[in-house]
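Take a look at the structure below.
Reminder, nothing fancy here: chain letters follow the sequence lines and each chain counts from 1.
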Amino acid sequence: MLDIKLIREKPDVVRERLKTRRSAVDIADVLALDERRRAAITEADRLKSERNEVSKRIGALKKAGEDTSDIQRQTREIGEQIAARDAEIREIEETQRRLLLAIPNLPHDSVPEGGDASGNVVVREWGAKTEFPFAPKDHVALGEALGLFDFERAARLSGAGFPLFTGPGARLERALIQFMLDLHTTKHGYVEVSPPHLVTTATMTGTGQLPKMADDMYHLPADDLWLIPTAEVPVTNIYRDELIREPLPIKRVAHTPCFRREAGAAGKDTRGLIRVHQFDKVEMVRFVPPGTSYDALEELVGDAEAVLQALGLAYRVLLLCSGDMSFAAAKCYDIELWAPGHGGWLEVSSCSNFEAFQARRANIRWKTPEGRNEFVHTLNGSGVALPRLVVALLENGQQADGSVLLPDALRPYMGGLDRLTPRA
RNA sequence: GGAGAGAUGGCGGAGUGGCCGAACGCGCCGGUCUUGAAAACCGGAUCCCGCGCAAGCGGGACGGGGGUUCGAAUCCCUCUCUCUCCGCCA
């Protein structure tokens, strides 16, 4: 949510920057509403001040034993006017909040302008794409030969898009989760949390998934709860409606399943693990003082990259352009892994600075050293998403004999196993 | 699921219709004293909104929402959450 004061004071700047997001929203309505709202508040406050004064007088008169029924009748009328004004204010504020919730965040100055993914900028690449003396297989062929997953039987359970990991595949998932959590907690200073996977509508609104993304999420109407599409939602909302007293920055890391309906992506990447309705992810979340959030974003990207470097996987980092960023982000980097079997780059991480956008929605504040209460800046980044990491691991590690070499860093988590070998 | 109790400032805890943004204690900040510290004493401290260049003025907030009343922390309704007991249960 944008600050209404910013919209009021610098409407042209806001318009300008919103335009770069391909956002169709118009702030004229919000501004008109804001005008009406303030006028109504001024009037209501004046009436209340009047009523307070008269009420005080009634108290004094009664104490003196005088009759006050006349003056009371008059005051009742003031009360009715106040009630009407308050109702008007409430209605205006509701509408205004609804409009504000639909306005995306403003892109940071350093974000390139662009309409779609073609405007994204590669800021760096790490590692060399794996070369093969044979035609590399894709992860589906490899995984089935190695007995890592079973898509056919999985479909029997939940339909398409819900993977069933089996044997060494299930262990690989567990090993990767463990490895990533250990790395972030011991090397990068995050505190591990394990949050609920079902959350309320208020929680989904706090981070910006609702109201806009309702169709992309799983909803349980009987309890009005939502399955989380990312750990960002519960972890960021841990501090909702709070004045944080502990020192910033706060750094949290969580492993959770993520549930996505992928409503708009029907027919895309339907094969294998690349686009699924349920997957596991390790997610990093930071709450930081506003002045430090862009440094924190660079660090956060580095934390995600450290995972891939430790696993020896080639990747590139993209700076997303204004038109390709998610709704709540002010600046966002994507990290993509090279997948030779797939023959392309796969997004495994998205690291964003939301500035105060989420904090304002979710009402998360801190006390500055000067003692002022101020909205924090929130950030989050995948560190990283599992299925596509598995894809890259398999496709890059494959050998001529059909086995897959595991990175050294992972072996302790695989009971010393250094490679996955095909079933007899 | 059933029965009961409760929710007040950073914490504890008073307050049952006007004198309450809220006693008192702890903690916090500033000062006096001290070589320094502690103790003691004195003083100060909530947040949100509106108006105003500002000093300031006004309004609102005692879990959330609604109601009664000239006036609500206080009375009524409702929701949420917490605690205790019973039942069920991974």
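With B/C47, B/G50, B/G18 as the choices, the nucleotide that has an atom nearest any side-chain atom of A/Lys5 turns out to be B/G50. Minimum atom distance to the side chain of A/Arg37 is reached by B/G50, of the listed B/G18, B/G50, B/C47.
Side-chain N/O atoms of A/Tyr333 and A/Glu305 include no donor and acceptor closer than 3.5 Å. Side-chain atoms of A/Thr68 and A/Gln72 include a donor-acceptor pair closer than 3.5 Å. Between the side chains of A/Thr20 and A/Glu113, no donor-acceptor pair of N or O atoms lies under 3.5 Å. If you check the side chains of A/His255 and A/Asp280, you find a donor sitting under 3.5 Å from an acceptor.
Counting to the nearest Å, the C1' atom of B/G10 and the CD1 atom of A/Ile244 are 15 Å from each other. Between A/Glu93 atom CD and B/C48 atom C1' the separation is 11 Å, expressed in whole Å. If you measure from atom CD1 of A/Ile364 to atom P of B/C47, you get 19 Å, rounded to the nearest angstrom. Here B/C70 presents its P atom at 17 Å from NZ of A/Lys48, a figure rounded to the nearest Å. One atom, CD1 of A/Ile89, and another, P of B/G58, lie 19 Å apart when rounded to the nearest Å. The CG atom of A/Asp34 sits 11 Å away from the C1' atom of B/G50 (whole-angstrom rounding). Remark: C1' of B/C70 and CD of A/Gln72 are 5 Å apart, rounded to the nearest angstrom. The distance between atom CZ of A/Arg46 and atom P of B/G52, rounded to the nearest whole Å, is 16 Å.
With a 3.5 Å ceiling on both atom-pair distances, the Watson-Crick or G-U wobble partner of B/G4 is B/C83. Under the Watson-Crick or G-U wobble criterion, with both distances below 3.5 Å, B/C11 is paired with B/G25. For B/A54, there is no paired base (Watson-Crick or G-U wobble, both distances below 3.5 Å). Searching all strands for a Watson-Crick or G-U wobble partner of B/A61 with both distances below 3.5 Å returns B/U46. Under the Watson-Crick or G-U wobble criterion, with both distances below 3.5 Å, B/C20 is left unpaired in every strand shown. When Watson-Crick and G-U wobble pairs are counted only if both distances are under 3.5 Å, B/U74 pairs with no nucleotide at all. Base pairing annotation: B/A40 forms a Watson-Crick or G-U wobble pair with B/U32, both donor-acceptor distances under 3.5 Å.
Heavy atoms of A/Arg8 sit under 4.0 angstrom from primed sugar atoms or phosphate atoms, though from no base atom. Using a 4.0 Å heavy-atom distance criterion, A/Thr75 is classed as a sugar-phosphate-only contact. Residue contacts shown for A/Ile41 are limited to sugar-phosphate atoms, with no base heavy atom under 4.0 Å away. At a threshold of 4.0 angstrom between heavy atoms, the contacts of A/Arg365 are confined to the sugar-phosphate backbone, with no base atom among them. Within 4.0 Å of A/Arg245, counting heavy atoms only, lie sugar-phosphate atoms of the nucleic acid but no base atom.
Comparing B/C28 with B/A37, their P atoms sit 15 Å apart, to the nearest whole Å. Rounded to whole Å, the separation between the C1' atoms of B/G27 and B/U46 comes to 15 Å. When the C1' atom is compared between B/G63 and B/A7, the two are found 6 Å apart, to the nearest whole Å. For the C1' atoms, the distance linking B/C42 with B/C47 amounts to 27 Å, nearest Å. Comparing the P positions of B/G44 and B/C49 gives an interatomic distance of 27 Å, to the nearest angstrom. Between B/G25 and B/C79, the two P atoms lie 40 Å apart (nearest whole Å).
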Take A/His277 and A/Phe259, measure what ring pair (Phe, Tyr, Trp, His ring centres under 6.0 Å) needs, and give me the verdict at the end.
CA-CA 6 Å; A/His277 291 307; A/Phe259 302 91; over 10 Å; no
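In terms of position along RNA chain B, the nucleotide closest to A/Gly59 lies nearer the 5' end than the nucleotide closest to the other residue of the pair A/Asn373 and A/Gly59. Of the two residues near RNA chain B, A/Lys56 and A/Ser49, the one whose nearest nucleotide lies more 5' is A/Lys56.
Between A/Glu43 and A/Arg46 a salt bridge is recorded (basic side-chain N to carboxylate O distance below 4.0 Å).
A sub-4.0 Å separation between OP1 or OP2 of B/G58 and a side-chain N or O of A/Asn52 is absent. For A/Arg372 and B/C47, the shortest distance from a side-chain N or O to OP1 or OP2 is not below 4.0 Å. OP1 or OP2 of B/C70 has not a single side-chain nitrogen or oxygen of A/Arg51 nearer than 4.0 Å. One finds no side-chain N or O of A/Arg90 lying less than 4.0 angstrom from the OP1 or OP2 phosphate oxygen of B/C49.
For the atom pair NE2 of A/His342 and CG of A/Leu337, the computed distance is 11.0 Å after rounding to the nearest 0.5 Å.
For A/Asp45 and B/G59, a side-chain-to-base donor-acceptor distance below 3.5 Å is absent, hydrogens and geometry of angles not being considered.
When each of A/Thr205, A/Thr200, A/Thr207 is paired with A/Thr203, the side chain to side chain donor-acceptor pair (under 3.5 Å) condition holds for A/Thr200 and for no other.
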